[in-house]
Amino acid sequence: SSDLNGSIDERATPVGYEANGAGLYACVGDFNNGRHPGKIRPGFDGCNIGYGGKEYAAKTYSVLISGGNWVPMNQGAIPWNAPAVGQEADGRPLYFCRAMSNGSLAPGKIGPSTGSCNIGYGGNEYTIYSYDVFVP
């Protein structure tokens with residue numbers, strides 16, 4: 001579903017959490033001619049994504065509705081059956097991942113271009129090498 005201004009489809013379920021326990025949802029935001037997986041919760045201005053070492057709020061985004069499974073992976077590995085949910089500006093695919101950082105379990109992005117699960121947190125982008133990847 002497409003949402004604006006930080007709204008979240010009521011059918012969506014959290015896939016992670018903040019350090020204080022608030023639920024985090026997986027989203028895909030339009031940014032710099034690509035579509036980047038990230039995180040959102042009530043109170044955010046948009047889909048928060050990591051990009052180029054910083055964290056940005058994409059104002060146009062979609063939120064993951066359906067449940068699925070999160071497969072533990074590491075060192076850039078991606079399950080064969082993971083769906084590409086976004087892409088870099090040059091077309092390389094991006095997938096949903098989630099990883100622990102700063103006491104939160106945060107959704108983010110992984111792809112051939114990243115080599116790790118990249119998440120935005122506190123204005124910065126973090127690269128984490130032990131993570132889960134979403135599969136339907």
Legend entry - Hydrophobic cluster membership, F134 vs V85, 4.5 Å side-chain cutoff: yes
Legend entry - Over all atoms of both residues, closest heavy-atom pair of I119 and P107: CG2-O, 3.7 Å
Inset, instruction - Quick one: which residue pairs count as a disulfide bond (SG atoms under 2.5 Å apart) with a foot in residues 44-73, not counting sequence neighbours? - result: C27-C47
Inset, instruction - Starting from the C-alpha separation in whole Å, work towards a yes-or-no answer on side-chain contact (heavy atoms from CB on, under 4.5 Å) for C117 and M73. - result: CA-CA 10 Å; C117 183; M73 304 295 281; over 6 Å; no
Inset, instruction - Output, in order, the C-alpha distance, side-chain angles, deciding distance and verdict of side-chain contact (heavy atoms from CB on, under 4.5 Å) for N74 and Y129. - result: CA-CA 5 Å; N74 59 63; Y129 296 95; 5.7 Å; no
Inset, instruction - Spell out, as yes or no, whether a donor-acceptor pair under 3.5 Å connects the side chain of Y131 to the backbone of G76. - result: yes
Legend entry - Backbone N/O of N118 and side chain of S116: donor-acceptor pair under 3.5 Å: no
Less than 3.5 Å apart, which donor and acceptor atoms pair up between the side chains of residues 91-102 and the rest of the protein, not counting sequence neighbours?
from	atom 1	to	atom 2	distance (Å)
R92	NE	D90	OD1	3.2
R92	NE	D90	OD2	2.9
R92	NH2	D90	OD2	3.1
R98	NE	D132	OD2	3.1
R98	NH1	V15	O	2.7

Legend entry - Residue pair G120 / K39: nearest heavy atoms and the distance that separates them: O-NZ, 2.9 Å
Inset, instruction - Identify whether Y121 and L24 are in the same connected component of the hydrophobic contact network (ILVMFWY, side-chain heavy atoms under 4.5 Å). - result: no
Legend entry - Heavy-atom closest pair, residues Y56 and F31: CG-CZ, 3.5 Å
Legend entry - Residues that E88 engages under salt bridge (Lys or Arg N to Asp or Glu O under 4.0 Å), provided they are two or more places apart: none
Legend entry - Main-chain N/O of V71 paired with N69 side-chain donor or acceptor, under 3.5 Å: no
Inset, instruction - Kindly work out whether a path of hydrophobic side-chain contacts (I/L/V/M/F/W/Y, heavy atoms less than 4.5 Å apart) joins V28 to W70. - result: yes
Inset, instruction - Provide the closest heavy-atom pair for T114 versus K109 in the form atom of the first, atom of the second, distance. - result: OG1-O, 4.4 Å
